[in-house]
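I have placed the structure first, in the form of structure tokens, so that the comments after it can refer back to it.
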Amino acid sequence: MAFGEQPAYLRVASDLREKIANGALPPHTRLPSQARIREEYGVSDTVALEARKVLMAEGLVEGRSGSGTYVRERPVPRRIARSGYRPPSGSSPFRQEQAATGARGTWESRSEQDEAGPEIAARLGIEPGDRVMRTRYVFREAGEPMMLSTSWEPLAVTGRTPVMLPEEGPLGGCGVVERMAAIDIVVDNVLEEVGARPGLAEELMALGGVPGHVVIVLERTYYASGRAVETAEVVVPADRYRIAYHLSVK
């Protein structure tokens with residue numbers, strides 16, 4: 001079997017990964033022991049251990065206390081739809097997108113005033129230390145945590161207005177576009193940047209992920225005549241979801 005110039009531990013990890021992918025090592029099967037890997041591949045204990053560590057870091061296997069290391073069941077990724085602006089409907093874009101796909105979406109939120117840090121201030125075009133309303137969300141699909149979100153709105157825009165609290169009042173939960181329209185601010189542009197990084201420990205704990213797993217990070221900012229009126233960071237487990245964009249062509 002030709003493996004090129006890969007280090008020995010990556011060669012072993014690659015072969016075991018292929019066995020997991022093709023079903024030779026199906027979910028819930030115990031991974032070959034360190035001694036078995038050593039014998040089968042003709043490698044040292046150190047190489048066998050490092051190969052197992054690679055598979056664990058990739059989330060393909062998991063350790064069970066006092067039992068061994070087992071192949072994890074791989075979830076089939078589901079879509080999170082992103083569709084840009086939607087007509088006013090009295091509900092948030094998240095609720096509309098969930099309804100469109102027949103999913104049962106719920107969320108929890110908590111809002112509190114805060115000072116903008118340097119990164120958020122730059123995204124909002126305000127000064128570090130300026131007051132913002134920060135709202136943290138946990139979104140669920142059929143009761144399962146599916147994504148986290150934190151939004152920031154400048155209190156210079158929404159302070160002392162009926163929409164100061166995003167999830168309370170007559171327009172609570174209606175989404176940024178409708179809420180801003182209620183205070184005569186017309187949102188006309190939105191920027192979304194998508195990236196990925198290892199999930200933070202508290203994020204993965206909230207999402208039910210495995211330490212070391214990668215998350216998709218979507219940074220979104222709404223603008224009105226060039227002025228940022230809201231920015232948010234959405235965190236999604238990359239092994240369970242894909243972000244799908246539906247863009248109209250004019």
(message) Taking the side chain as everything from C-beta on, heavy atoms only, tell me whether Ser225 gets closer than 4.5 Å to Asp188.
(response) yes
(request) Starting at CD of Glu233, measure out to OG of Ser151 and round the result to the nearest 0.5 Å. (result) 11.5 Å
(request) Would you mind reporting whether Val194 and Tyr245 have side-chain heavy atoms less than 4.5 Å apart? (result) yes
(request) Give the minimum heavy-atom separation between Ser149 and Ala232, together with the two atoms involved. (result) OG-CB, 4.3 Å
(request) Could you check if a side-chain atom of Val235 sits within less than 4.5 angstrom of a side-chain atom of Arg197, using non-hydrogen atoms only? (result) yes
(message) Donor-acceptor pair, distance only, cut-off 3.5 Å: does the side chain of Arg160 make one with the backbone of Ala156?
(response) no
(message) My understanding is that only residues two or more places apart in sequence, or in another chain, count here; which of them pass salt bridge (Lys or Arg N to Asp or Glu O under 4.0 Å) with Glu127?
(response) none
(request) Could you grab the distance from atom CG of Leu207 to atom CG of Leu148, nearest 0.5 Å is fine? (result) 4.0 Å
(request) Group every Ile, Leu, Val, Met, Phe, Trp and Tyr by side-chain heavy-atom contacts under 4.5 Å, then state whether Leu25 and Tyr70 land in the same group. (result) no
(message) Given 3.5 Å as the limit, does a donor-acceptor pair link the side chain of Thr135 with the main chain of Trp152, or not?
(response) no
(request) Keeping the roles fixed (side chain from Arg52, backbone from Val61), state whether a donor-acceptor pair exists under 3.5 Å. (result) no
(request) First locate atom CE of Met56, then atom OG1 of Thr69, and finally report the distance between them rounded to the nearest 0.5 Å. (result) 4.5 Å
(message) Quick check on the hydrophobic clustering: are Met180 and Leu124 connected, directly or via other members, by side-chain heavy-atom contacts under 4.5 Å?
(response) no
(message) Check Arg179 with Glu153, please: is the shortest side-chain N to carboxylate O separation under 4.0 Å?
(response) yes
(message) Taking Val217 as the starting point, is it possible to reach Val234 by hopping between hydrophobic residues whose side chains are less than 4.5 Å apart?
(response) no
(request) Go through Glu115 and Arg131 one step at a time and tell me if the side-chain contact (heavy atoms from CB on, under 4.5 Å) criterion holds. (result) CA-CA 5 Å; Glu115 294 183 355; Arg131 303 294 293 176; 3.3 Å; yes
(message) Are the side chains of Val54 and Arg17 in contact, using a 4.5 Å heavy-atom criterion?
(response) yes
(request) Any chance you could measure Ser111, atom OG, to Tyr137, atom OH, to the nearest 0.5 Å? (result) 6.0 Å
(request) Using a 4.5 Å cut-off on heavy atoms from C-beta on, say whether the side chain of Met133 contacts that of Pro166. (result) yes
(request) Report yes if some heavy atom in the side chain of Val215 is under 4.5 Å from a heavy atom in the side chain of Leu200; otherwise report no. (result) no
(message) Measuring from atom OH of Tyr241 to atom CD1 of Ile216, what distance do you get when rounded to the nearest 0.5 angstrom?
(response) 11.0 Å
(request) Taking all heavy atoms of Arg38 and all of Ser44, pick out the closest pair and write down the distance. (result) CG-C, 4.2 Å
(request) Assess whether atom OH of Tyr9 is packed by more than 12 heavy atoms of other residues, nucleotides or ligands within 6.0 Å. (result) no
(request) Find out if a path of hydrophobic residues (ILVMFWY) with successive side-chain heavy-atom gaps under 4.5 Å connects Trp107 to Val236. (result) yes
(message) Using side-chain heavy atoms (C-beta onward) and a distance below 4.5 Å, is Arg240 in contact with Glu141?
(response) no
(request) State, to 0.1 Å, how close Pro32 and Ile37 come at their nearest heavy-atom pair, and which atoms those are. (result) O-CD1, 3.6 Å
(message) Quick check against the 3.5 Å criterion: does Glu178 have a side-chain atom that pairs as donor or acceptor with the backbone of Gly175?
(response) no
(request) Drop me the distance from Glu219's CD to Glu192's CD, to the nearest 0.5 angstrom. (result) 11.0 Å
(request) Just jot down the side chain to side chain contact (heavy atoms under 4.5 Å, CB included) partners of Glu40, sequence neighbours excluded, or say none. (result) Lys19, Arg36
(request) Check for a donor-acceptor pair, side chain of Asp130 on one end and backbone N or O of Ala116 on the other, with a separation under 3.5 Å. (result) no
(request) Report yes or no: do Leu16 and Val47 belong to one cluster of Ile/Leu/Val/Met/Phe/Trp/Tyr joined by side chain heavy-atom distances under 4.5 Å? (result) yes
(request) May I ask you to test the Arg11-Val43 pair for a side-chain heavy-atom distance under 4.5 Å? (result) yes
(message) Using the salt bridge (Lys or Arg N to Asp or Glu O under 4.0 Å) criterion, which residues pair with Glu62? Sequence neighbours excluded.
(response) Arg64, Arg72
(message) Check Glu193 with Arg123, please: is the shortest side-chain N to carboxylate O separation under 4.0 Å?
(response) no
(message) Which heavy atom of Thr221 sits nearest to which heavy atom of Ala228, and what is that distance?
(response) CG2-CB, 3.8 Å
